[in-house]
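Please read the structure below before turning to the comments.
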2 protein chains.
Amino acid sequence: MARTNTRFVEAFNEILTLCEETGIGGAMPSENALAAQFDVSRTVVRGVLARLFDEGIISGTGREKLIQRLPTPADQMQGPPVLLTIEELEGKFLDWVLRMDVPPGTVLNVAQLAKEFSVATHTLQEFFSSLSRFSIVARRPRGGWELNGFTPDYAVELSDFRTVLELNSVRHLVELPPQHPIWAKLDKLEADHRELLQRIDTDYHDFSVLDEAFHAAINGVVTNRFVKEFQNIISLVFHYHFQWNKSDERTRNEAAIHEHLAYLDGLRSGDMTRAVDAARAHLMTSKQTLLNSLRVNSHTG
Amino acid sequence: MARTNTRFVEAFNEILTLCEETGIGGAMPSENALAAQFDVSRTVVRGVLARLFDEGIISGTGREKLIQRLPTPADQMQGPPVLLTIEELEGKFLDWVLRMDVPPGTVLNVAQLAKEFSVATHTLQEFFSSLSRFSIVARRPRGGWELNGFTPDYAVELSDFRTVLELNSVRHLVELPPQHPIWAKLDKLEADHRELLQRIDTDYHDFSVLDEAFHAAINGVVTNRFVKEFQNIISLVFHYHFQWNKSDERTRNEAAIHEHLAYLDGLRSGDMTRAVDAARAHLMTSKQTLLNSLRVNSHTG
DNA sequence: GTAATGTTTATTATAATAAAAGACACACCG
DNA sequence: CGGTGTGTCTTTTATTATAATAAACATTAC
């Protein structure tokens with residue numbers, strides 16, 4: 001029970017290596033020096049030293065700690081299995097929902113999912129709590145969680161919200177001065193798009209990465225933490241959905257490239273109305289694609 | 001240890017009342033009936049019945065459970081102190097931050113705060129995790145939480161984001177047909193504003209409520225869960241800040257009423273440009289007020 | 001007097017656990 | 001025998017107790 005001793009085990013093994021390098025008869029550095037070197041607290045260092053003494057690897061307690069024998073591989077400690085952190089969980093969870101095609105309304109079993117994802121139940125709880133801000137999951141009346149899931153309603157609202165944010169970015173972008181780095185970035189993106197168009201027959205799958213880079217570039221001109229936070233969740237959802245909607249992928253992607261090129265022309269025209277219209281057109285298509293992808297995977301038909 | 005038996009205690013006391021109403025010699029309903037009536041599981045009901053039997057209030061076990069004696073006030077059970085739920089925490093936390101003037105960068109002590117707010121530490125953790133999506137708090141490298149707080153940067157970005165969302169609402173609103181209920185709502189709001197203007201000298205404090213209703217009405221025309229979620233956090237932050245910025249309150253509020261009236265005129269003019277400009281003007285003032293309120297309370301001067 | 005070690009305290013992350021919900025199977029009664 | 005009720009057991013959650021860690025403070029050695 002209580003927290004894992006991963007830090008202790010890692011520090012122990014590292015200090016074991018240090019003992020080996022120093023050699024028999026060598027003196028151990030001070031506790032403070034060790035703590036600083038391995039980025040752990042002195043408490044951990046003292047724990048390691050105590051164990052080294054017990055194992056007969058170092059002698060003396062206090063200031064004079066000399067190495068008595070070289071450590072053997074058997075002295076290495078085996079740590080507990082490393083759990084994922086909450087940050088690493090996001091992709092895994094969305095992937096699970098889409099890959100397993102978990103229907104909206106499903107009750108999420110925290111204990112079981114925690115095992116499946118190899119995280120602490122506690123981590124999963126926190127993660128759900130933060131996801132509940134985006135209505136992807138919801139708390140059930142007396143404990144537990146439920147997947148709200150990606151209903152068509154959800155897709156429409158997410159796309160609409162994305163459109164609001166991206167049109168705002170576009171309005172900012174158009175007014176940027178010619179020396180702003182965004183213009184060079186857009187030129188590079190156009191080249192990449194045209195290049196992919198050349199080899200679209202075989203490499204249409206590469207579009208997904210380009211799409212993300214394209215939208216990230218446009219939205220990158222707005223430096224706002226709320227926009228960025230949402231951008232994260234939006235690109236996550238779109239990314240995973242596209243990964244699972246294989247129908248018409250080639251045609252879809254080729255069409256999207258052409259839309260992106262028109263979008264780029266619009267941005268560079270300096271004409272606000274033209275830019276916004278091109279953006280709106282592309283975002284509308286994206287919304288339709290997301291909706292279609294839901295329909296393909298849907299349970300109700 | 002383990003979860004509180006609040007539900008058991010409440011069910012017990014309610015069923016005690018039922019015993020009293022039924023009277024000596026009366027028969028208890030079935031376990032299922034009791035569970036349904038008091039909205040608890042059969043497990044709880046069985047626990048209650050067992051205790052009633054132990055106390056000698058009912059006789060027999062199984063199908064025939066008769067009331068033996070009337071319960072006395074001493075039979076009532078005393079439940080554990082009720083903890084707040086995560087939903088009730090939001091306001092309390094923001095209130096604490098602003099009232100105590102907690103500076104950005106403060107390390108938040110989960111154990112201590114949990115006591116202060118009378119919630120489980122676990123609940124506070126989840127709450128922080130969900131707040132971290134809005135960058136109000138951040139996870140520290142090796143456990144623990146830190147208040148990012150309401151720096152001027154934060155205020156600027158929050159206000160800008162609010163502006164993006166509200167201008168989007170305005171663009172929708174202007175295009176709504178005359179029979180849409182929003183127009184009646186706006187008429188009512190105008191009347192309320194004019195009425196408050198009459199008694200502004202004494203009741204300037206009432207503006208805060210009106211302000212929230214005003215913006216809620218405008219943003220209410222967009223039915224989007226993401227917009228709504230953000231609206232919540234935005235109005236929370238603005239609400240608490242205004243509550244603590246007492247300087248010039250009367251003048252500020254009177255000026256804001258006039259801006260609201262101009263905003264209303266803009267909305268009803270049917271002229272998109274005029275409506276958007278009026279909205280933008282008011283939102284800009286709001287942003288300045290929020291920034292000033294930060295400056296007044298700031299530590300650095 | 002400085003740098004090291006020894007001691008104590010505070011705080012977090014996790015495992016253990018009581019409460020609650022719910023599933024299953026059998027018993028009773030018309 | 002069908003339906004209602006109870007006994008038993010399993011599953012799952014919310015909370016607490018606790019080991020691991022960090023960090024502050026006190027003491028000793030050179």
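Just so it is clear, the structure is predicted and the values come from calculations on it, not from any experiment. Hydrogens, waters and symmetry mates play no part in the numbers below; they use all other heavy atoms, side chains included. Below, read A as the first sequence line, B as the second, and so on, with proteins coming before strands; counting in each chain starts at 1.
- The side chain of A:N5 places no N or O atom within less than 4.0 Å of a non-bridging phosphate oxygen (OP1 or OP2) of C:dA13.
- Looking at heavy-atom distances under 4.0 Å, A:T4 makes contact with sugar-phosphate atoms alone, never a base.
- Side chains of B:L66 and B:M28 form no contact here, defined as non-hydrogen atoms less than 4.5 Å apart.
- Under the 4.5 Å side-chain criterion, counting only non-hydrogen atoms from C-beta, A:F238 is not in contact with A:E212.
- Between C:dA13 and B:Q125, a contact under 4.0 Å exists linking OP1 or OP2 to a side-chain N or O.
- Interatomic distance, CD of A:E14 versus SG of A:C19, reported as 12.0 Å (0.5 Å rounding).
- Distance CG (B:L84) to P (D:dA14): 16 Å, rounded to an integer number of Å.
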Determine, step by step, whether A:D75 and A:R51 satisfy the salt bridge (charged side-chain N to carboxylate O under 4.0 Å, His left out) criterion, reporting the C-alpha distance in whole Å, the side-chain angles of both residues, the deciding distance to 0.1 Å, and the verdict.
CA-CA 10 Å; A:D75 290 318; A:R51 190 183 161 110; over 6 Å; no
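- Phosphate proximity of D:dA22 to B:R142: present, with a side-chain N or O under 4.0 Å from OP1 or OP2.
- Within the nucleic acid shown, B:L108 comes within 4.0 Å of sugar-phosphate atoms alone, with no base atom in reach, counting heavy atoms only.
- Between A:Q112 and A:T6, the residue anchored nearer the 5' end of DNA chain D, judged by the nucleotide with its closest heavy atom, is A:Q112.
- Along DNA chain C, the nucleotide nearest A:L49 and the nucleotide nearest A:T121 are compared for position; the residue whose nucleotide lies closer to the 5' end is A:L49.
- Between B:F230 and B:F161, the angle of the ring planes lies from 30° to 60°, which puts this pair in the tilted group.
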Please walk me through it: do B:E126 and B:T123 pass side-chain hydrogen bond (donor to acceptor under 3.5 Å, both in side chains)?
CA-CA 5 Å; B:E126 271 186 39; B:T123 310; over 6 Å; no
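- Look at NZ on A:K115: it is 16 Å from C1' on C:dT14, rounded to the nearest Å.
- Applying a 4.0 Å cut-off to non-hydrogen atoms, the residues of residues 23-47 of chain B that approach DNA chain D are B:S30, B:E31, B:N32, B:R42, B:R46, listed by residue number.
- What separates CD of A:E126 from P of C:dA13 is a distance of 8 Å, to the nearest Å.
- A donor and an acceptor atom sit less than 3.5 Å apart, one in the side chain of B:R3 and one in the base of D:dT13.
- The separation between A:F8 atom CZ and C:dT14 atom C1' is 18 Å, rounded to whole Å.
- The backbone N or O of A:R225 lies less than 3.5 Å from a partner atom in the side chain of B:E157, making a donor-acceptor pair.
- Rounding to the nearest 0.5 angstrom, the gap separating the CG atom in A:L49 from the CD1 atom in A:I57 is 11.0 Å.
- Counting to the nearest Å, the C1' atom of D:dT16 and the NE2 atom of B:H122 are 11 Å from each other.
- Distance CZ (B:F128) to P (C:dT12): 10 Å, rounded to an integer number of Å.
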What N/O pairs connect the protein and nucleotides 28-30 of chain D at under 3.5 Å? Give each pair on its own line.
| residue | atom | partner | partner atom | Å |
| --- | --- | --- | --- | --- |
| D:dT28 | O2 | A:R63 | NH2 | 3.1 |

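- Here C:dA15 presents its C1' atom at 16 Å from CG of A:L124, a figure rounded to the nearest Å.
- Considering only side-chain N and O atoms, A:K65 lies under 4.0 angstrom from the phosphate OP1 or OP2 of C:dT5.
- Rounded to an integer number of Å, the gap from CZ of B:R140 to P of C:dT12 is 9 Å.
- Within the 4.5 Å cutoff, the side chain of B:F127 has heavy atoms near those of the B:E90 side chain.
- Checked against the 6.0 Å centroid threshold, B:Y154 and A:F226 count as a close aromatic pair.
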